[in-house]
There are 2 protein chains.
Amino acid sequence: MSTSTYEKHLCPVAQALVDLGDQWTLLIVRDALSQKQIRFNELQESLGISRNLLTRRLVQLVEAGILERVGVEGSKRLAYQPTDKCRDLRLVILAMASWGEKWRPDPRLTRVETTRKSTGAPVELAFVDPDGARVPLSDVRVTRRRP
Amino acid sequence: MSTSTYEKHLCPVAQALVDLGDQWTLLIVRDALSQKQIRFNELQESLGISRNLLTRRLVQLVEAGILERVGVEGSKRLAYQPTDKCRDLRLVILAMASWGEKWRPDPRLTRVETTRKSTGAPVELAFVDPDGARVPLSDVRVTRRRP
DNA sequence: AGTTTCGGTTGACTTTGTGAACTGATTTCG
DNA sequence: CGAAATCAGTTCACAAAGTCAACCGAAACT
């Protein structure tokens with residue numbers, strides 16, 4: 001499927017998948033979010049992706065404004081840095097991580113823990129209403145509104 | 001990439017992508033979640049996916065326990081129904097939808113609205129601490145803990 | 001009874017991903 | 001300083017995955 005196939009769908013999920021739908025993209029983003037900047041070879045070795053495909057994915061991610069290609073300070077080598085658009089993907093990635101932990105449990109798996117920087121208390125992804133009260137999934141209604 | 005490539009990564013995000021990483025899978029799940037049960041032809045026409053690939057994806061989703069293949073009541077025709085494992089993906093899909101709305105805005109796009117069934121109040125995805133207080137993304141620390 | 005719809009399957013073709021080897025700049029080391 | 005190693009890719013042959021159109025038997029309308 002080409003990304004243009006997705007683009008025809010007038011749905012924000014399909015639109016998100018224009019940028020994220022390729023097979024390795026979310027793992028590249030995950031790795032990019034784990035440090036201030038990341039190098040080509042670091043990504044290639046961490047993921048085991050083929051080098052030419054990694055090249056293409058990085059070009060796409062830079063074009064999409066999700067990563068920035070920057071020089072490493074004090075050297076002429078390159079690195080990739082997450083943008084705000086990338087940092088906002090933490091919600092998506094953490095939602096996936098918690099689904100993965102729940103539904104594909106494996107004792108060898110690393111656990112992803114989210115805590116509050118200021119207090120150290122554990123935090124969770126949840127639905128909240130305007131008063132800040134937690135709303136259980138069973139009480140959430142999803143509607144698609146045409147523009 | 002074969003799904004087994006993902007499986008080698010001991011990370012819950014990679015594990016989630018074993019089930020979800022194929023190109024059309026999340027859109028199939030999105031459509032499956034939009035009604036009690038959905039037919040093969042409905043999916044094929046809604047997505048524009050090729051029929052033989054849809055067949056393969058549905059087999060995978062059933063094997064993964066994300067969809068169930070059921071008979072339509074009062075007929076011998078088939079349909080696919082979301083399981084609990086599938087319903088838990090609403091968090092992932094809604095996180096993607098809100099990212100898509102924010103970062104790939106388009107006036108023609110349908111908006112996805114989440115409201116509280118009981119009160120009708122709008123609800124949002126957010127991080128909350130044990131007291132139920134909302135925690136801004138900038139105050140969330142993510143750590144990967146080895147088992 | 002004949003036609004349409006459904007839920008696929010089949011097979012030829014195109015696109016995408018893989019793996020290994022190569023390249024020309026940088027950096028490190030003796 | 002010169003040689004070797006590392007970096008960030010590129011190239012190319014091959015394998016895997018997706019697309020499109022045509023076909024199929026069973027079920028459902030008419």
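Here the structure is a predicted model, which is why all the values come from computation and not from measurement. Letters A, B, ... are given to chains in the order of the sequence lines, protein chains preceding strands, and every chain is numbered from 1.
For the pair L78(A) CG and dT6(D) P, the computed distance is 19 Å after rounding to whole Å. Rounded to whole Å, the distance from CG on L53(B) to P on dT16(C) is 14 Å. Straight-line distance from the CG atom of L47(B) to the P atom of dG18(D): 14 Å, rounded to whole Å. Put simply, CD on E42(B) is 15 Å from P on dT5(C), counting in whole angstrom units. Residue Q44(A) contributes atom CD, which lies 14 Å from atom C1' of dG17(C) at whole-angstrom precision. Following rounding to the nearest Å, E45(B) (CD) and dT5(C) (C1') show an atom-to-atom distance of 10 Å. For the pair F40(A) CZ and dG9(D) C1', the computed distance is 5 Å after rounding to whole Å. Nucleotide dT19(D) holds its P atom 11 Å from the CG atom of D22(B), rounded to whole Å.
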Do nucleotides 20-30 of chain D as a string where each nucleotide becomes B, S or -: B if the base has a protein heavy atom under 4.0 Å, S if just the sugar-phosphate does, - if no protein is that close. B------BS--
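The side chain of W24(A) lies closest to dG17(C), out of dG18(D), dG17(C), dA8(D). The I49(B) side chain lies nearest to dT19(D) when the options are dC7(D), dG18(D), dT19(D).
Residues passing the side chain to side chain contact (heavy atoms under 4.5 Å, CB included) test with V142(B), sequence neighbours excluded: L94(A), V112(A), T114(A), V140(B).
Note on R56(A): every side-chain N or O is 4.0 Å or more away from OP1 and OP2 of dG9(D). Taking side-chain N and O atoms only, Y80(A) has a distance below 4.0 Å to OP1 or OP2 of dG9(D). For the OP1/OP2 pair of dG7(C) and a distance below 4.0 Å, the side-chain nitrogens and oxygens of R39(B) include at least one atom meeting the criterion.
N41(A) and R51(A) share a donor-acceptor pair across their side chains, judged by distance under 3.5 Å alone. With no hydrogens or angles considered, no side-chain donor-acceptor pair links R57(A) and N52(A) at under 3.5 Å.
To the nearest 0.5 Å, the span separating CZ on F127(B) from CG on L91(A) amounts to 5.0 Å.
Under a cut-off of 6.0 angstrom, the local environment of CD in Q81(B) is crowded, with over 12 non-hydrogen atoms contributed by other residues, nucleotides or ligands.
For the pair R56(B) and D22(B), the salt-bridge criterion is not met [side-chain N within less than 4.0 Å of a carboxylate O]. Salt-bridge formation is not detected for the pair R134(A)/D129(A): no Lys NZ or Arg NE/NH1/NH2 atom is positioned less than 4.0 Å from an Asp or Glu carboxylate oxygen.
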